[in-house]
2 protein chains.
Amino acid sequence: MREDLLNIVKSFFRKNKRLPSYSEMLSLFGFSSKNSVFKIVRNWIKAGFLKKENSKLAPTTKFFSLPLLGFVRAGFPILAEENKNYLSLDEYLIENPEASFLLKVNGDSLAGIGIFEGDIVIIERKTNASPGDVVLAQIDKEWTLKILRKERGFGRTFLVAANPRYPPLYPRFELQIYGVVKAVIRKFN
Amino acid sequence: MREDLLNIVKSFFRKNKRLPSYSEMLSLFGFSSKNSVFKIVRNWIKAGFLKKENSKLAPTTKFFSLPLLGFVRAGFPILAEENKNYLSLDEYLIENPEASFLLKVNGDSLAGIGIFEGDIVIIERKTNASPGDVVLAQIDKEWTLKILRKERGFGRTFLVAANPRYPPLYPRFELQIYGVVKAVIRKFN
DNA sequence: TATTTTAGTAAACATTTGTTCACCTTGTCA
DNA sequence: TGACAAGGTGAACAAATGTTTACTAAAATA
């Protein structure tokens with residue numbers, strides 16, 4: 001399956017954001033006949049790393065994905081080839097790219113749910129949200145990132161932090177929701 | 001700048017994992033001369049969304065990126081066009097794709113540093129790590145995800161949780177580091 | 001208003017693309 | 001041992017690609 005050659009293609013894509021043409025692979029691989037490339041590519045298509053529609057080559061999701069492991073139980077991760085799952089982060093995290101943006105978090109008001117200063121949250125623009133959602137909102141003209149709550153009965157909506165040091169925020173005049181947090185990411189080091 | 005047409009191209013790329021050819025853009029845009037496409041693409045290249053090397057078209061990082069906002073201070077997010085930053089998640093999160101894999105977390109032993117059950121961590125394969133790193137390790141043949149610590153002086157290395165309910169783990173025989181956690185991601189809902 | 005720039009059409013073209021065919025070598029395995 | 005699939009070379013080719021040139025209409029600008 002020439003995993004080595006596939007890695008060459010992967011790093012070419014990483015660098016150039018496109019697949020190499022057959023002639024380019026020719027020199028990348030050090031071969032001298034386009035047909036060898038043709039046959040190798042055919043295998044990758046069969047294996048599901050690449051695909052072709054009307055003779056235009058493109059990667060598949062699998063091409064970009066990292067293996068996803070899981071623990072069977074406290075003890076052993078599933079490493080077996082057949083149990084591997086693959087996940088492409090971009091696709092996993094961003095469902096609606098047109099309406100999404102990122103926000104760098106500051107403050108520790110959401111520390112209780114594991115959102116810390118410096119984390120990046122993925123926010124999807126929308127003006128409605130459900131109780132429990134983490135929302136980017138404007139409360140009485142002041143921007144903030146908090147958890148949305150609703151009073152029992154036909155209650156008002158208000159905002160709470162996930163940190164006992166911050167009191168709940170009840171809007172004096174209006175509470176305008178701007179987007180909801182779909183994911184958090186944090187990089188170490 | 002025809003942002004609308006660029007969005008068509010973006011969603012084409014999202015779906016097909018490649019850029020459309022000029023003829024394909026022709027029908028995507030509803031134009032009837034390849035030259036109009038040529039000129040539009042030329043503008044996108046000038047604007048930094050696409051690039052070209054020896055007449056092969058490819059996206060740039062900016063093409064994939066989401067706008068990254070930040071709070072100036074408690075109060076207002078930077079929304080101004082000129083202050084926008086862009087970030088491509090895949091590139092940001094995975095520095096070394098060949099050596100990286102994902103692991104679904106279970107247990108709450110790292111809850112103190114905001115790593116919860118169900119989160120996904122990005123692990124980079126390596127056998128050495130520094131104290132303070134979150135590591136995937138085998139301690140006396142048992143796999144675990146913990147924080148690496150080193151005793152003062154010329155001390156032994158051992159593992160600790162980020163949760164008072166779990167005691168530190170000193171290896172009886174050996175502590176084998178398998179990789180270090182570079183990032184965490186958590187999806188809501 | 002007159003003038004320049006921008007966005008589009010239409011046709012022509014060299015280059016490059018992916019594909020196919022015939023052939024050769026090598027290692028696998030029955 | 002013999003057969004056969006797999007991996008490679010080399011040449012040939014139709015189709016599609018990106019580019020160029022000339023021309024037009026509309027919009028921006030002075």
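So you know, we letter chains A, B, ... as the sequences are listed, proteins then strands, and number each from 1.
- Classification of the Phe158(A)-Tyr170(A) ring pair by plane angle, with boundaries at 30° and 60°, yields parallel.
- If you measure from atom CG of Asp4(B) to atom C1' of dA7(C), you get 13 Å, rounded to the nearest angstrom.
- Ranking dG18(D), dG7(D), dG10(D) by closeness to the Asn43(A) side chain, first place goes to dG7(D).
- Per the geometry, OH belonging to Tyr22(A) stands 18 Å off C1' belonging to dT15(C), to the nearest Å.
- If you check dT19(C), dA10(C), dT9(D) against the side chain of Ser55(A), the one that comes closest is dT19(C).
- Ranked by how close their nearest DNA chain C nucleotide is to the 5' end, Lys39(A) and Ser21(A) are led by Ser21(A).
- Between the CG atom of Leu5(A) and the P atom of dG7(D) there is a distance of 11 Å, given to the nearest Å.
- Atom CG of Leu19(B) and atom C1' of dG18(D) are 14 Å apart (whole Å).
- What separates CG of Asn54(A) from C1' of dT19(C) is a distance of 14 Å, to the nearest Å.
- As a whole-Å value, the separation of Ile45(B) CD1 from dG18(D) P is 11 Å.
- Residue Ser36(B) is in base contact, counting any heavy-atom pair closer than 4.0 Å across all strands shown.
- At distances below 3.5 Å, not a single donor-acceptor pair connects side-chain atoms of Asn7(A) with backbone N or O atoms of Asp4(A).
- What separates CZ of Phe38(A) from C1' of dA22(C) is a distance of 15 Å, to the nearest Å.
- The listed nucleotides are dT9(D), dT17(C), dG18(C); the one nearest the side chain of Asn35(A) is dT9(D).
- Both Ser32(B) and Leu57(A) lie near DNA chain C, and the one whose nearest nucleotide falls closer to the 5' end is Ser32(B).
- In this entry the distance linking CZ of Phe29(A) with P of dG7(D) reads 13 Å, nearest Å.
- A donor N or O paired with an acceptor N or O is found under 3.5 Å between the base of dA10(C) and the side-chain atoms of Ser33(B).
- Within 4.0 Å (heavy atoms only), Lys34(A) reaches at least one base atom of the nucleic acid.
- Dashed line: the shortest gap from a side-chain N or O of Ser23(A) to OP1 or OP2 of dT16(C) is not under 4.0 Å.
- Within the nucleic acid shown, Ile40(B) comes within 4.0 Å of sugar-phosphate atoms alone, with no base atom in reach, counting heavy atoms only.
- Checked against the 6.0 Å centroid criterion, the rings of Trp44(B) and Phe63(B) do not qualify as a close aromatic pair.
- For Lys56(A), whose side chain is taken as the heavy atoms from C-beta onward, the closest listed nucleotide among dA10(C), dA16(D), dT9(D) is dA16(D).
- Within 6.0 Å of NZ in Lys52(B) there are more than 12 heavy atoms belonging to other residues, nucleotides or ligands.
- A salt bridge links Asp119(B) with Arg186(B): the distance from a Lys NZ or Arg NE/NH1/NH2 to an Asp or Glu carboxylate oxygen falls below 4.0 Å.
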